[in-house]
Each structure stands twice: as structure tokens, then as C-alpha cells.
Amino acid sequence: GAAFAQKKYIGASEFGQKLGRAKKDHHLEVNVYAGAFGFKHVGYSIAYGYVYNDGLGEVNIPFSYQPFGQPPTPANGTMVYFNPSNVVIGSGLKIRKFKNEIDEGLFYGGGLRIWHIITKYERLKNKIPTAYEFSYQNWSPLTEIGYTQKFSTTIGANYSIELGGSFSTYDDLTENINTDTAEEVPGDPGHTPAFDYTGVYYALNMGIFYSF
């Protein structure tokens with residue numbers, strides 16, 4: 001009797017690990033994020049998540065898309081740009097560990113995001129309208145902390161903060177693609193694309209998910 005009384009009440013972690021809660025190991029997320037390319041530019045993403053070891057952690061694979069118009073940084077003074085546009089397509093891999101080991105509540109982890117950036121614009125060069133198109137990548141190793149909230153066994157929400165570094169592959173001399181000849185030609189030195197930078201990376205994420 002005494003032994004049974006001692007086991008009548010158990011903690012959430014033990015309940016989740018040993019007794020189970022009709023867990024589902026897979027989920028699909030729909031997210032919005034901001035910060036990666038400035039807080040005034042909101043991006044959208046979907047992600048696949050796999051919960052491993054009965055709730056110990058999660059493997060998360062995001063796919064993102066973010067279009068917006070913004071000219072590059074001018075070389076000197078004010079430069080007039082025509083038809084500027086940027087498209088950012090991203091993917092990556094994140095590993096999360098749940099503090100309570102029951103695939104909800106506080107989680108932390110790390111991973112890597114890869115952003116493929118396409119920047120287009122036109123400007124006057126020797127009084128002649130000239131088109132430029134740049135294609136390059138930013139690599140962002142990161143750490144993450146967040147919270148998973150379950151509304152039911154199938155529906156929930158995720159909130160997280162990512163912090164890390166950003167490393168760009170952009171090169172003025174090789175990254176311009178001539179849209180007329182589809183060949184690489186010298187770039188536009190001094191007119192750096194708006195999102196070519198190596199430095200601190202950060203982002204806020206918020207989304208909902210469906211488990212199955």
C-alpha cells in the first residue's frame with residue numbers, strides 16, 4: 001500500500017516518457033519570421049519536424065521565402081536605382097532538445113540556415129540604363145531557444161529566438177549575371193547588394209503546427 005501511494009503521483013517528465021500521451025512523431029509548421037534581413041521585412045516559411053526519442057528532442061527542417069524590393073548600398077552619395085528587387089529562398093537544419101523531454105514546453109538547440117539571395121536592379125552607368133542581377137548565399141550557424149505550446153495532440157504553436165552569425169559568399173567581381181547573355185561578367189564594384197554582410201544573425205519566429 002505504501003509503495004503504491006508513493007507512485008500515485010508522478011512528474012510530467014516521467015509521465016511523458018513512460019506512460020505516453022498519444023504522441024505523434026511528425027508535424028508540419030507554418031511560420032512567420034523577422035530580423036534575419038531587418039525587422040521591417042517579414043518572411044514566411046514552412047517546416048517539417050520529427051520528434052525523436054519519445055519526446056526528448058526534435059529535428060526541424062525549415063523552408064523559407066521572402067520577397068521585397070530594396071536597392072543596394074550606394075557607392076558614394078545618392079544613386080538612383082530602377083526596379084530593385086530581392087528574393088530570399090532559405091533552408092536549413094535545426095536540432096532542438098526539450099527541457100521536460102515530453103516534446104512541449106521550453107526547448108533549446110542549434111543548427112544552420114542557408115539563404116540563397118537574388119538581387120536585381122537597374123541604374124544609369126555612363127548615362128546608359130544598365131541591368132544587374134546578383135545571386136549569392138548567406139550561411140548562418142545559429143543557436144535557438146523557444147517554447148512549444150500544445151493545444152491538443154494534433155495542434156500547437158512554436159515561438160523561438162535564433163542568434164548566430166551570417167557569412168556571405170558575395171564577390172563584386174564574379175557574382176553579376178548578365179541577363180542578356182546569361183554569362184558571368186564583372187560585377188558592380190562599390191554598389192553592394194543590400195543583404196551581403198558578414199556579422200551577427202538574429203531572428204524571431206512564430207508559427208502553428210499540425211502533428212500526425
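- Counting all heavy atoms, side chain and backbone alike, D196 lies closest to S168 at OD1-OG, 2.8 Å.
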Mind running side chain to side chain contact (heavy atoms under 4.5 Å, CB included) on T119 and Y136 for me, showing each step along the way?
CA-CA 9 Å; T119 294; Y136 59 100; 4.1 Å; yes
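- Side-chain atoms of T143 and Y108, non-hydrogen and from C-beta on, never get closer than 4.5 Å to each other.
- Within a 6.0 Å radius of CG in L56, other residues, nucleotides and ligands contribute more than 12 heavy atoms.
- A heavy-atom distance below 4.5 Å is not found between the side chains of D103 and T148.
- Side-chain contact check for P129 versus L124: some heavy-atom pair is nearer than 4.5 Å.
- Two residues are said to be in side-chain contact when any heavy atoms from C-beta on lie closer than 4.5 Å; I95 and Y52 meet this criterion.
- P193 and Y170 get closest at one heavy-atom pair: CD-CZ, 3.4 Å.
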What side-chain donor-acceptor pairs closer than 3.5 Å can you find for residues 40-49, not counting sequence neighbours?
| unit_1 | atom_1 | unit_2 | atom_2 | d |
| --- | --- | --- | --- | --- |
| H41 | NE2 | Q70 | OE1 | 2.7 |
| Y48 | OH | H26 | ND1 | 2.6 |

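- Using a 4.5 Å cut-off on side-chain heavy atoms (C-beta onward), F195 and S166 make no contact.
- Linking ILVMFWY side-chain heavy atoms closer than 4.5 Å, directly or via other members, places F151 and F107 in two distinct hydrophobic clusters.
- When every heavy atom of R123 is checked against every heavy atom of F82, the shortest pair comes out as CA-CD1, 4.1 Å.
- Inter-residue side-chain proximity for H116 and I118 is flagged as met; some heavy-atom pair is nearer than 4.5 Å.
- Side-chain contact check for Y50 versus I61: every heavy-atom pair is 4.5 Å or farther apart.
- Across K24 and F212, no two heavy atoms sit closer than the pair CB-O, 3.5 Å.
- If you take CG on N31 and OG on S160, they are separated by 7.5 Å, rounding to the nearest 0.5 Å.
- Rounding to the nearest 0.5 angstrom, the gap separating the OH atom in Y159 from the OH atom in Y147 is 9.0 Å.
- With rounding to the nearest 0.5 Å, the separation of CE in M206 from CG in N158 is 11.5 Å.
- Atom CD1 of I89 is surrounded by more than 12 heavy atoms from other residues, nucleotides or ligands within 6.0 Å.
- The shortest distance between side-chain heavy atoms of V200 and L163 falls below 4.5 Å.
- At distances below 3.5 Å, at least one donor-acceptor pair connects side-chain atoms of T130 with backbone N or O atoms of I128.
- Listed here is the closest heavy atom pair of S140 and Y201: OG-CD1, 3.8 Å.
- Between W115 and F37, the ring center distance clears the sub-6.0 Å criterion.
- Between the CG atom of N205 and the CD1 atom of I161 there is a distance of 9.5 Å, given to the nearest 0.5 Å.
- By the neighbour-count criterion of 12 heavy atoms within 6.0 Å, atom OH of Y202 is sparsely surrounded, having that number or fewer from other residues, nucleotides or ligands.
- Sorted by first and then second residue, the salt bridge (Lys or Arg N to Asp or Glu O under 4.0 Å) pairs with a member in residues 85-97 read E29-R96, E58-R96, K94-E144, K94-E162, R96-E144, K97-E101; sequence neighbours excluded.
- Under the salt bridge (Lys or Arg N to Asp or Glu O under 4.0 Å) criterion, no residue pair touches residues 202-212, with sequence neighbours excluded.
- Note on Y33 and L142: same hydrophobic cluster, where clusters join Ile, Leu, Val, Met, Phe, Trp and Tyr whose side-chain heavy atoms are under 4.5 Å apart, directly or indirectly.
- Hydrophobic cluster membership is shared by F63 and Y210, with clusters built from Ile, Leu, Val, Met, Phe, Trp and Tyr side chains linked at under 4.5 angstrom.
- Nearest heavy atoms, A36 versus Y197: O-OH, 2.8 Å.
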